[in-house]
Amino acid sequence: MKRWGWLTTGLALALALVLVMTLGPHKDQESQADTGPLPMAPHLPAPKDAGPTPTVPAPTPEQLQKQPWMHKLAPGEKPPQFVLFSFDGAVSKQHWDKVLPIAKEKGAHVTGLLSGVYMLADQDGNQYQPPAGLKRGVSDISFGGSRKDITARIGYLNQVIDEGHEIGTHYNGHFCSGGTQPSVDKWDNAAWKAELEQFKKIVDKARAAGFKLPVDAVRGGRTPCLEGNWDQAFPAMAAHGLVYDTSKVALGVQWPSVQNGLYEFPMPEVRVPGLGKQVVMMDFNLWYSLNGAKEEPARAPEFTQIVFDTYKSVHLAALNGNRAPLVIGNHFNEWNGSAFSNAMEQFLGYVCDKPETVCATYTEVIQWMQLQDPAVLDQLRRMPAARN
């Protein structure tokens, strides 16, 4: 895109950010889902220092047998069209109960990005010490309900893990620029390290209560509201053992690149055919673009169709283009009559058994990339972004 196109896009996104943040954070009390508003984040350039390429454990022989696409590309062979379904918050049983059967039927794996505070009972909230001088026991998305709720949550998240899905991090207190200050966009390296240590502490407590999440299984995440000072955040994440992030925004669908020691899987900004405009392809952003994020449940079928058609259009563009992994970012929510959750579930069922398409976790995509010739990956990254 020409220089002035980038400038125009940046101004439009900055205006959208201001508009979105006036809504303030809110919460789906029933599902305990993370439903903080997501800004139309500006397109941020990659840091000049790529840092060392991170690695994950190689696929097991059993995994290689079950996933025939997990191999080094032959000369001239195209990569699979990966689709990465990921859910911020990731603790709503009613939504996992819908997603898991579809994923199992279609041979798909998805990623739940866990908000750590949802593994602490309300009465144990003071065990969380937010960073950056914030008061102990403060969380902009509350906590996880009763201790009985936590026990039940451990049980169904264990099923998620047993069925081959990935658990990443959505950090803890969800402090966005429109909420409690200092928000994550102002945090320094030490604050991010402290937040990750709190996440580990909370998850370790859940493990002692039976949570099956392996110690080294949390390999990446998405920041609250897609916000962060990346030069401060990424080195802290890499130092804490993370290998990927999926918080930045890119025009179109692009291959992940290494930035400050992490693989960055960007959220794509895409064209919504039903609206004729560009939107970051995250459920809240889509809702805001449709009607300013107002509850109009009578329009749920209309919104579901528009979002589903957008997903299909973007998938086709990537499949016929650069084959970059397609990030489908969502919350477990019931916004606008469940319009956006319905669209996600429909697309999960539609796309995951399409020819040459693989619905995978972030770790699985990184494992696949580790098998490839670096020159092949460089060539893929140089291809134009897929634009629908």
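Residue numbers count from 1 along this sequence.
Under the 4.5 Å side-chain heavy-atom criterion for ILVMFWY residues, no single connected hydrophobic cluster contains both Leu316 and Leu348. Hydrophobic clustering (ILVMFWY, side-chain heavy atoms < 4.5 Å, transitive): Val314 and Phe308 are in one cluster. Hydrophobic clustering (ILVMFWY, side-chain heavy atoms < 4.5 Å, transitive): Ile202 and Ile161 are in one cluster. Leu377 and Met70 end up in the same hydrophobic cluster when Ile, Leu, Val, Met, Phe, Trp and Tyr side chains are linked at under 4.5 Å. By the rule that hydrophobic residues join a cluster once side-chain heavy atoms approach within less than 4.5 Å of another member, Tyr288 and Val279 end up as members of one cluster.
Within the 4.5 Å cutoff, side-chain heavy atoms of Leu380 are placed close to those of Pro79. Between Asp378 and Arg382 the shortest side-chain heavy-atom distance falls below 4.5 Å. For the pair Val307 and Phe347, the minimum side-chain heavy-atom distance is 4.5 Å or more. Side chains of Lys148 and Thr151 form no contact here, defined as non-hydrogen atoms less than 4.5 Å apart. Contact of the Met281 side chain with the Glu269 side chain is not registered, since no non-hydrogen atoms from C-beta on lie closer than 4.5 Å. Taking 4.5 Å as the limit, every side-chain heavy atom of Gln370 sits out of range of all side-chain heavy atoms of Pro57. Side-chain atoms of Lys354 and Val83, non-hydrogen and from C-beta on, never get closer than 4.5 Å to each other. For the pair Met344 and Asp283, the minimum side-chain heavy-atom distance is 4.5 Å or more.
Residue Pro235 comes nearest to Asn189 through the heavy atom pair CB-ND2, 3.7 Å, listed as atom of the first residue, atom of the second, then distance. Pairing each heavy atom of His109 with each of His165, the nearest pair is CA-ND1, 3.4 Å. Ala385 approaches Gln254 most closely through the heavy-atom pair CB-CG, 3.6 Å. Residues Cys225 and His174 share a closest heavy-atom pair of SG-CE1, 3.7 Å. Between Ala206 and Ile154 the shortest heavy-atom distance is O-CD1, 3.8 Å. Across Glu295 and Trp335, no two heavy atoms sit closer than the pair OE2-CA, 3.8 Å.
In summary, the aromatic rings of Phe234 and Trp192 are positioned with their centroids too far apart to meet the 6.0 Å limit. Residues Trp255 and Phe265 place their aromatic rings such that the two centres sit no closer than 6.0 Å. Aromatic rings of Tyr263 and Tyr244 (six-membered ring for Trp) have centroids beyond the 6.0 Å cut-off, not under it.
With hydrogens and angles disregarded, no donor-acceptor distance shorter than 3.5 Å links the side chain of Asn158 to the backbone of Tyr156. For the pair Lys98 (side chain) and Lys93 (backbone), a donor-acceptor distance under 3.5 Å is absent. A donor-acceptor pair under 3.5 Å is absent between the side-chain atoms of Gln305 and the main chain of Gly274, judged by distance alone. Between the side chain of Asn330 and the main chain of Met282, no donor-acceptor pair closer than 3.5 Å is present. A donor-acceptor pair under 3.5 Å is formed between the side chain of Thr304 and the backbone N or O of Ala339. A donor-acceptor pair under 3.5 Å links the side-chain atoms of Asp122 to the main chain of Gly145, judged by distance alone. Without hydrogens or angle criteria, Glu345 side chain to Val99 main chain gives no donor-acceptor distance under 3.5 Å. In this structure, the side chain of Ser338 does not engage the main chain of Ser341 through any donor-acceptor pair within 3.5 Å. Between the side chain of Thr223 and the backbone N or O of Gly228 there is no donor-acceptor pair closer than 3.5 Å. Without hydrogens or angle criteria, Glu264 side chain to Lys248 main chain gives a donor-acceptor distance under 3.5 Å.
Side-chain contact annotation: Asn229 with Asp185, donor-acceptor N/O pair under 3.5 Å absent. Under 3.5 Å, the side chains of Thr246 and Tyr362 contain a donor-acceptor pair of N or O atoms. In this model, no donor atom of one side chain and acceptor atom of the other lie less than 3.5 Å apart for Gln198 and Gln127. A donor atom on one side chain and an acceptor atom on the other are found under 3.5 Å apart for Ser183 and Gln181. Using modelled atom types, one finds a donor on one side chain and an acceptor on the other under 3.5 Å when comparing His71 with Glu77. Side-chain polar atoms of Tyr128 and Glu195 form a donor-acceptor pair below 3.5 angstrom.
Pairs of residues two or more places apart, or lying in two chains, that qualify as salt bridge (Lys or Arg N to Asp or Glu O under 4.0 Å) and include a residue from residues 300-325 are Arg299-Glu302, Arg323-Glu356.
Using a cutoff of 4.0 Å between basic side-chain nitrogens and carboxylate oxygens, Lys66 and Glu62 are scored as salt-bridged. The existence of a salt bridge linking Asp204 and Lys200 is confirmed by a sub-4.0 Å separation between a basic side-chain nitrogen and an acidic carboxylate oxygen. One finds no salt bridge joining Asp245 and Arg222 here, because no Lys/Arg side-chain nitrogen approaches an Asp/Glu carboxylate oxygen to under 4.0 Å.
Note that OG of Ser92 is 7.0 Å distant from CD of Glu334, once rounded to the nearest 0.5 Å. Atom CG of Leu213 sits about 8.0 Å away from atom CG of Leu114, to the nearest 0.5 Å.
In this structure Lys294 satisfies the salt bridge (Lys or Arg N to Asp or Glu O under 4.0 Å) test with no other residue, sequence neighbours excluded.
Using the six-membered ring where Trp is involved, Phe340 and Trp287 have ring planes that are tilted, between 30° and 60° apart.
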Kindly determine whether Asp188 and Gln232 satisfy side chain to side chain donor-acceptor pair (under 3.5 Å), including the steps that lead there. CA-CA 5 Å; Asp188 62 11; Gln232 296 293 314; over 6 Å; no
Check the pair Gln81, Thr357 against side chain to side chain donor-acceptor pair (under 3.5 Å), reporting the backbone distance first and the verdict last. CA-CA 5 Å; Gln81 179 55 60; Thr357 297; over 6 Å; no
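Checking each of Tyr118, Phe85, Trp96 against Phe332 for a ring pair (Phe, Tyr, Trp, His ring centres under 6.0 Å) leaves exactly one that passes, namely Trp96.
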